[in-house]
Structure formats: structure tokens, C-alpha cells
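Just follow the structure's listing: the first ligand is 1, and inside any ligand the first atom is 1.
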Amino acid sequence: MSKMRVYEYAKANELSSKQVIDKLKEMKVEVSNHMSMVEDDVKGKLDQSFGKGQQESKPGDNKSNNNKKNQKPNQNRDQRNNKKQKNNHRPQNKKQQKPQHHQKQQPKKNQTPEKITYSGSLTVGELAEKLKKDSSEIIKKLMGLGVMATKNQDLDSDSIELICAEFNVEVEEEVVVDETDIENIIFDDEEEDLQERPAVVTIMGHVDHGKTTLLDSIRDTKVTEGEAGGITQHIGAYQVEENDKKITFLDTPGHAAFTSMRSRGAQITDIAILVVAADDGVMPQTREAINHAKAAEVPIIVAVNKMDKEGANPDRVMQELMEYELISEDFGGDTIFVKMSAVKGEGIDELLEMILLVAEMEEFKANPDRLAYGTVVEAELDKGRGPVATLLVQNGTLKVSDAVVVGNTHGRVRAMVNEVGRRVKVAGPSTPVEITGLNHVPQAGDRFLAFEDEKKARSIGEARQQKQIEAERSSTAKVSLDDLFEQIKHGNIKDINLILKADVQGSLEALAGSLQKIEVEGVKVKIIHTGVGAITESDISLASASNAIVIGFNVRPDGNARKAAESEDVEIRLHNIIYKVMEEIEAAMKGMLDPEYEEKIIGQVEVREIFKVSKVGTIAGSYVTDGKITKDSGIRVIRDGVVIYEGEIDALKRYKDDAKEVAKGYECGITVKNFNDVKVGDVIEPYVMQEIERT
Ligand SMILES: Nc1nc2c(ncn2[C@@H]2O[C@H](COP(=O)(O)OP(=O)(O)OP(=O)(O)O)[C@@H](O)[C@H]2O)c(=O)[nH]1
């Protein structure tokens, strides 16, 4: 007997590594993962423990299988994303309230329902209707809870829940979601609907270390197997089969693709292969790749490539990678290193086996029995076929003639082909397919969703397209100082274009000189035009064309310029002190151009009576003696001319109803947020903050 690794033992005994690890844990043998060494004596114990018919599950196995979830942080990404939902994209941002049953009710005809659902809010009357009760009954219950309400009053979710609990009715709030927001819809699948799916692998590494060669080599040796007649073609991703299991490779090497997809919220990679040339070692882009993969929390397998080359030094690669916590088993760690030569095709089988091993541990799963969703890997406009897109199905099954929304476009899947140019009718989880039938070309990284209903797909696609047009329009809107920082932040602008007009040449030069000295990281002042004299219409059209701001120093725009500025939406700033111009531009560049506000007192209210209500607090029965009071105004409580409290209104009521505002000459009830000490005779002074228009 000799020492062997967990996965080797598993393989030799036709067990999964997980089964072995679970068993070892049961035996209190410390193992970190499938790469861990199993000593002889432990091996013996394992043999005993598994007996002859290794595969049959024993009580212990079950138990430990149930513990699966706790073992790998990553493994259940799909499950997390994909609970519930059978064949429908029913948005899952639903508030599921706990059943409020204290005792099971026997439903009788026309009697209290077992469960009600609502969205938004319900009035007392509406709740009564849903509960098949009289409004007065609900009002009585509310009174018992210390809430005074009328039939038409809106109830908050707490009150609805409390009332339903009183009647032993389960309640569920359905949150209305924006169906067009396809990036943020969360899909749930039942655990029992999930099936194993192939791992999706990305190859990363430094320039020239062999990413493309490796991808080509894998494809050439594996893809055509069993696909006689098929000509491999580049569609952005391909699948290979190894030991009867599939692996999907994203055929777009380079970190940019990986990261740009991630930055758009599309994480499609399950495993990263880090290619490091054995004769070159860790280089800047190797580090970059490690950072990308780590940020994405995907497991890394290191492919030490170019082993055939003179000067190949795999030990150095291993040594260097230790610094990045990628420690090979040779050094006591658990990162898988595969030594290979991509040009010679050596080590490829081992690499694929290792990928399958990691996939087995990570348990990538999906539900093939649902409408598909996934991500665009590549897309382009084909002269003959129109928009074509390679989609990676991440969950569900995509079928020919499915209605789809893809990014900001939509369509119906006219045809699907795989990586060998074969037409396919269906594409299950982790399968890349090139589709035609879209109205426009989507972008790599866009999410796609299949729909049962073509009309729905169309309306969502069109709504998204409209949104995109609006977003584009607003991003090309002219720059103003107030939104400068926002635009800088979003990378929309890097230069501030200015046009300077001044009364005399001297001040023009002084102004230009000072402005060019402003230094704010990442932004530059660019003076595109200067001139002496009034701001003219031609200054404005230049500003409009070059997205510039016009600064007038001791000069004003003439009549035509003023009109043109208004219609072209060009900002003019007028000044007569140089340092003020500097301050303003610098502040805008730093995003410090905060809007200015001033306080405006909008009324005066006298407290005439006090009601103490449990749960609610002190209600000030008041009378508006001047102006008005609004629900969202700030307030000061003034006693004998002294401000004793400043804060916000909790509730403003006219009789029992919530009021938005109460005008002079009317009575109202006010509760002040976090303040219960209001007394008869106090004055409540409501005020609002008004933004001052800049001049
Ligand atoms: N000797 C040897 N050369 C290799 C091996 N793998 C790749 N090369 C060579 O290394 C060079 C770069 O390989 P590529 O596959 O283009 O490297 P890459 O990482 O994709 O490079 P970029 O696409 O520029 O980032 C090519 O000349 C390959 O033939 C290998 O295993 N052994």
C-alpha cells in the first residue's frame, strides 16, 4: 500500500471525492480537500469502512451528504440564485410573511380565507373585503390595537399583518417588480429540480504564456471527437467531453472580456485556468488574472505551460505563486498545478480531469426544466444572417423558436448552432449556442431571458430599448458645473472644456493662466477659446458643439447669445473676481458644488390640546394660525419664544385621516417624531428647505 490522494482513492474505488472526504471527516481525519494525502493506515480504515460494495450509501454517508452545503463557499451559487420557479420567470422579490395560524381553520363557504395577498397597501375597506368581513369589524380590531382608522384609510403592512393575525389568516405581500429590469430578477429553483451542469471555464494569464494555444489545442483534440464532419468554428465558447462529462470553455481569452462581463454583473465563469509559462514565471498580467479570479471568487487551477521549452522551471512558478496564496500540493497547499505543453498537447487530459474534479467538488447545478436565461458571450452583425449572438445558457433550456429578450433587444430564436456548426434544437445549462433571430445586435455580457409569451418579450425588449435611448440622450446632454462631478465620476468626461470671454486682454490672460493651474486628479481644464468682448452667439454654438461651459469675466452675453444658450442648453457663468471663477471650477471638478438651500418658514401652528395615546405617543391637537403645515416640513417646537425642539413630523392628521398639508384656519393633530413633550400653548413652526437658484 502506498499513500494516495483523496481523489485518487475515490477514483480507484468508484466513489466521489466528496464521499471519501465525508467519510474521512466522520473518521475525524483532517482533510482539506480532494488533493489531500491519505496515509496507508487511513486508507485501510477507509477500505474497511466502505466495505466491498463501496457505492451503496450507508447511514453515515447520508448524513454527511446532507452536510455538503457547508463545505465550499462557492458551490451553491446557482442554487442561491435559482430557487423555486418552475417554468416561468416569476420575479422572486416577494415578501413571504410567516403564516399567522395559531390554529388550523376549517374553511367554510364564503368565510374567512386561509390566506390573502396584496401589493402596495390596502385601505381598511379593501382589507375587509379580502377577509370577507365588515369594515366595522376591522375598525374595531384596529381600535383594540390602539389604531384609530376610517374605512378609506390606508393601512401599513404592520397593521395588515396584525389584523390578519387576529383572524388567523396568512398574509403575503407581493412586491410589484419592474419586469424590464432583467438583470436583477432572481430566479429560484427547488432543490429537487436541480441537476448537475458542466463547469464553465475561462483561461487567463500573461501575454504570450499560451492561452490561445491552449484553447486551440483543447478544441482541436477534443471538440471534433464524435462530431465527424463538423468543422469547428469560433463562436466564443465551446464544449468538450472528458470521461463522459462536459466542460464549457469560454473561447475569449483575456482579462478584459472576463472583467467587462463581471463589471456588467454577468459572472459566467465557474473555474479559472491560470496559464503561466514555465520559462517566464509570474508576470504582471498573471497577477492581474489572479486578482480578477479572486475578486470573482472562482477556483483557480494553475496550468504551468511550455514545459517543453528549455529553461522551463515549474518550481519557480510554484514558488512565485505562493505569494498569491496559490500553494501547490508539493508545498503543502491545495492549489492544483498541471504541468503541460500546449503546443505538444501534453498535459491536456490531466488538465481536463482536474477541471472535472473541481467541478465535482463545487457541484455546479441548474434546472434544465425552465425557460432559459444566461449571458451573451459574443455578438455581431452578419451580412447574411443579421444579428448573431453566442449565448451561454446558464440555467434552463433554450429552444428554437423561444421568444427572448437579450440585453436591450428581443426576438425569437430562429436557429441555433453549436461550436461545430451543427444545428441544434435545444441548448441546456452551460451550453453555448450561436443564435439568429434577434432584432438588433446585443453586447457581450448582456443578460438574456426566454419567455413563453412573445408579446411579453417584445414589450420588455422595447421598453428596455427605450430606456437605453433615454440614457444615451442624457449622457450626451451638455455639461454643466452642477453635474460635472457626476459625469467625471462616471467617466463620461475627462476634460472640462471652457470658453473664456473677458473685458480686456489682461484679465483674459490672467484668468486663463490661473484656470490652467487647477489640478484635480483625473480631470483637466481645457480652454478651447478665449476672446475679448461680449459673449456672442458664435461662442455659444462653439460651446454647444464642444460641450463647453462659457465663462464671462466682466462681460455679459448679448441678446442673441442668451437665447441661443437657452435653446442649446449651454451654461454661462458670469463673474468679476478671478479667484471666484477658480473656486467655482475647482469645486465643480471635485464634486463640491453642492446645491445651496435656504430655510423658509411656511406657517405657524398653535398647540391647543394634548392627547396621550399608547403606542402613538403625544398627539398635539393644534390650530394653524398662519400659512400652512405640511407632512414633510421640518418643525421647531417653540415655548415662550425659545426653541425647545427641532425635528420632523411623525403624523399629521385631520381628524382620523392622514393629511399632506393643513392650511390656516384649520385644526389638525400632530405627532412629533422622537418628541413627546409637547404642551398646550407651544408654537409649532413648520419650515422647508428650498434650493436657491444659482445666478
Ligand atoms: N514551446 C512552447 N511554445 C508555446 C507553448 N504554448 C504556446 N507557445 C507559444 O507561445 C506563443 C504565444 O502563445 P499564445 O497562445 O498566442 O499566447 P497567449 O497567451 O494567447 O498570448 P496573447 O493572446 O498575446 O495574450 C506562441 O508562439 C505559441 O506557439 C508551449 O507549450 N510550448
Side-chain angles (χ1 to χ4, degrees), residues 199-224 232-240 242 247-263 268-296 298-321 324 326 328 330 335-355 377-378 380 390 392 419 432 444-445:
V200 180
V201 179
T202 299
I203 297 188
M204 303 168 97
H206 190 70
V207 197
D208 276 353
H209 278 199
K211 300 179 292 292
T212 313
T213 313
L214 178 56
L215 272 165
D216 290 348
S217 174
I218 296 171
R219 192 180 38 208
D220 295 346
T221 50
K222 301 287 170 180
V223 168
T224 44
T232 61
Q233 54 177 47
H234 175 90
I235 64 164
Y238 62 79
Q239 261 187 348
V240 299
E242 179 78 7
I247 304 171
T248 304
F249 282 91
L250 291 179
D251 193 359
T252 45
H255 316 161
F258 185 80
T259 309
S260 79
M261 282 196 194
R262 260 185 26 88
S263 70
I268 56 182
T269 302
D270 297 314
I271 298 171
I273 306 295
L274 180 70
V275 180
V276 188
D279 60 335
D280 205 17
V282 173
M283 298 304 271
Q285 280 178 290
T286 317
R287 283 192 282 276
E288 195 184 288
I290 297 169
N291 293 337
H292 286 306
K294 284 197 170 169
V298 294
I300 299 172
I301 295 176
V302 181
V304 184
N305 192 31
K306 304 199 184 181
M307 284 299 291
D308 58 295
K309 275 186 97 171
E310 213 175 295
N313 186 351
D315 287 348
R316 190 182 104 199
V317 175
M318 287 179 194
Q319 204 101 43
E320 287 173 345
L321 283 174
Y324 305 93
L326 296 175
S328 86
D330 291 0
T335 302
I336 301 173
F337 280 66
V338 180
K339 294 174 195 162
M340 60 189 314
S341 165
V343 276
K344 297 204 161 169
E346 286 164 14
I348 286 180
D349 283 326
E350 196 192 337
L351 179 69
L352 297 182
E353 268 178 42
M354 290 303 134
I355 292 171
V377 177
E378 275 187 0
E380 61 175 9
T390 299
L392 178 76
E419 62 274 350

Legend entry - Ionic contact status for D279 with K309, cut-off 4.0 Å: yes

Inset, instruction - Please confirm whether T212 comes within less than 3.5 Å of ligand 1 when only nitrogen or oxygen atoms on both sides are compared. - result: yes

Inset, instruction - Determine whether the side chain, the backbone, both or neither of H209 has a heavy atom under 4.0 Å from any heavy atom of ligand 1. - result: backbone

Inset, instruction - Kindly say whether V200 contributes a backbone atom to a donor-acceptor pair with the side chain of D270 at under 3.5 angstrom? - result: yes

Inset, instruction - Say whether, by atom type as modelled, one donor and one acceptor occur between the side chain of K339 and the main chain of E346 under 3.5 angstrom. - result: no

Inset, instruction - Verify, without hydrogens or angle tests, whether E320 (side chain) and V282 (backbone) share a donor-acceptor contact under 3.5 angstrom. - result: yes

Inset, instruction - Decide whether the shortest distance between a heavy atom of H206 and an atom of ligand 1 is less than 4.0 Å. - result: yes

Inset, instruction - Can you measure from NE2 (H206) to OG1 (T286) and round to the nearest 0.5 angstrom? - result: 6.0 Å

Inset, instruction - Select one of side chain, backbone, both or neither to describe which atoms of D308 lie under 4.0 Å from any atom of ligand 1, heavy atoms only. - result: side chain

Legend entry - V207 N/O to ligand 1 N/O under 3.5 Å: no

Legend entry - N or O pair under 3.5 Å between M307 and ligand 1: no

